[in-house]
Amino acid sequence: MKFILGRKLNMTQIFDKDGVVHAVTLVSAAPVVVTQVKGKATDGYSALQIGEGSRNASRINKPAKGHMKELGAFANLHEFRVDEAAVSAAKVGDKVEVTQFAEGDTVEVSAISKGKGFQGVVKRHGFGGGPRTHGQKHSEREPGSIGGGLRNKVPVGMRMGGRMGGDRITVKNLKVLHIDPTANMLYISGAIPGRRGTLVEIIAA
């Protein structure tokens, strides 16, 4: 199983060997370090915990320092579920690099989407709004009636205005179109969630 953590940079476009242009997202995927190996015998499941990024060591509490030991002061720790064969082959301190991927690999990318604050039903749920004429003055983007069949209570699950964004989004069936091992860069087809600098999880399908 191939996986890595990276940081979303920006979007651009590249041309393939046939001259076809593709929209791609650049992901900076510097080498990450295995900080813990979890097996079924000891932890009940198989996973590899990896550390990404760096932060001021003075801002890390003692339990985290003891866990990471001399491996470094990582900004993020994340687990990836793997099979027992991968657990037996891995050891603490191993590096996971971008070179494990190959051009043409199908991947799924997960990240936290952009936060958009409080939004109305037109933007949040795609409502059409009311008619623009026939006496309507301020109700073009209003939600309309929410029904009165529950004794003036709002039905559970009613689509209304509210806080939008900041959700964990997974996009599947993306392609690795180019790899730059010297710069630790992945060129992934299409758009992926998040703003510039968002931490993204990349897993080969």
Side-chain angles (χ1 to χ4, degrees), residues 1-11 24-114 166-172 174-189 191-205:
M1 178 180 177
K2 303 175 184 178
F3 59 84
I4 199 168
L5 292 176
R7 296 281 175 176
K8 176 181 177 179
L9 296 183
N10 56 280
M11 292 193 70
V24 296
T25 302
L26 274 64
V27 177
S28 175
V32 293
V33 180
V34 176
T35 56
Q36 187 178 5
V37 179
K38 295 189 175 184
K40 288 185 178 179
T42 56
D43 300 279
Y45 64 98
S46 303
L48 295 179
Q49 184 190 83
I50 61 176
E52 182 272 342
S54 61
R55 62 186 304 187
N56 192 332
S58 65
R59 295 184 177 272
I60 300 177
N61 58 29
K62 289 185 178 180
K65 285 182 180 179
H67 176 67
M68 293 184 285
K69 298 181 176 64
E70 303 300 325
L71 296 174
F74 299 109
N76 297 285
L77 295 177
H78 190 84
E79 280 189 8
F80 289 92
R81 293 293 185 99
V82 296
D83 53 22
E84 280 294 312
V87 168
S88 59
K91 62 181 184 295
V92 174
D94 287 350
K95 286 189 175 182
V96 180
E97 299 181 346
V98 70
T99 52
Q100 65 181 313
F101 292 93
E103 293 183 6
D105 282 353
T106 301
V107 295
E108 62 179 54
V109 179
S110 300
I112 303 298
S113 63
K114 290 181 181 179
D167 300 316
R168 177 182 167 87
I169 305 295
T170 298
V171 183
K172 299 183 177 181
L174 301 179
K175 294 285 186 181
V176 177
L177 297 182
H178 181 65
I179 300 173
D180 186 353
T182 58
N184 297 315
M185 298 285 290
L186 283 174
Y187 292 68
I188 300 176
S189 64
I192 62 177
R195 58 171 176 79
R196 289 181 178 88
T198 295
L199 181 68
V200 298
E201 307 163 18
I202 304 168
I203 304 175

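The OG1 atom of T106 sits 10.0 Å away from the NZ atom of K2 when rounded to the nearest 0.5 Å. To the nearest 0.5 angstrom, K114 atom NZ is 7.0 Å from R196 atom CZ. Rounding to the nearest 0.5 angstrom, the gap separating the CD1 atom in I188 from the CD atom in E108 is 11.5 Å. Note: S46 OG to E79 CD = 11.0 Å, rounded to the nearest 0.5 Å. To the nearest 0.5 angstrom, R81 atom CZ is 9.0 Å from K38 atom NZ. For the atom pair CG of L174 and CG of L186, the computed distance is 11.5 Å after rounding to the nearest 0.5 Å.
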Verdict with supporting geometry, L26 and Y187, side-chain contact (heavy atoms from CB on, under 4.5 Å): CA-CA 5 Å; L26 274 64; Y187 292 68; 3.7 Å; yes
Candidate pair M1 and I203, rule side-chain contact (heavy atoms from CB on, under 4.5 Å), full reasoning: CA-CA 8 Å; M1 178 180 177; I203 304 175; 3.3 Å; yes
Verdict with reasoning, K8 to R195, per side-chain contact (heavy atoms from CB on, under 4.5 Å): CA-CA 7 Å; K8 176 181 177 179; R195 58 171 176 79; over 6 Å; no
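I179 and V176 get closest at one heavy-atom pair: CG1-CG1, 3.7 Å. The shortest heavy-atom contact between G197 and R7 is O-NH1, 3.0 Å. Minimum heavy-atom separation, P181 to T99: CB-CG2, 3.8 Å. Taking both residues in full, the closest heavy atoms of F3 and V96 are given as O-CG1, 3.2 Å, listed atom of the first, atom of the second, then distance. Between V32 and G51, the closest heavy-atom pair is CB-O, 3.4 Å. Taking each heavy atom of A75 and R55 in turn, the nearest pair found is CA-CD, 3.9 Å.
Evaluation of the side-chain hydrogen bond (donor to acceptor under 3.5 Å, both in side chains) rule for T25 yields no partner, not counting sequence neighbours. The side-chain hydrogen bond (donor to acceptor under 3.5 Å, both in side chains) search around D43 returns none, not counting sequence neighbours.
With respect to V27, the side-chain contact (heavy atoms from CB on, under 4.5 Å) criterion is satisfied by exactly one of I4, L9, I192, N184: I192.
Looking at heavy atoms from C-beta onward, V37 lies in side-chain contact with L48 at the 4.5 angstrom threshold. Counting heavy atoms from C-beta outward, K69 and V92 have side chains that stay 4.5 Å or more apart.
No donor-acceptor pair under 3.5 Å is formed between the side chain of S110 and the backbone N or O of E201. Within the 3.5 Å criterion, the main-chain N or O of L77 finds no donor-acceptor partner in the side chain of Q49. Remark: side-chain polar atoms of S113 are paired, donor with acceptor, to backbone N or O of D167 under 3.5 angstrom.
When the shell of 6.0 Å around NZ of K65 is examined, it contains more than 12 heavy atoms from other residues, nucleotides or ligands.
Legend: ring pair (Phe, Tyr, Trp, His ring centres under 6.0 Å) pairs involving residues 35-79, not counting sequence neighbours, sorted by first then second residue: H78-F80.
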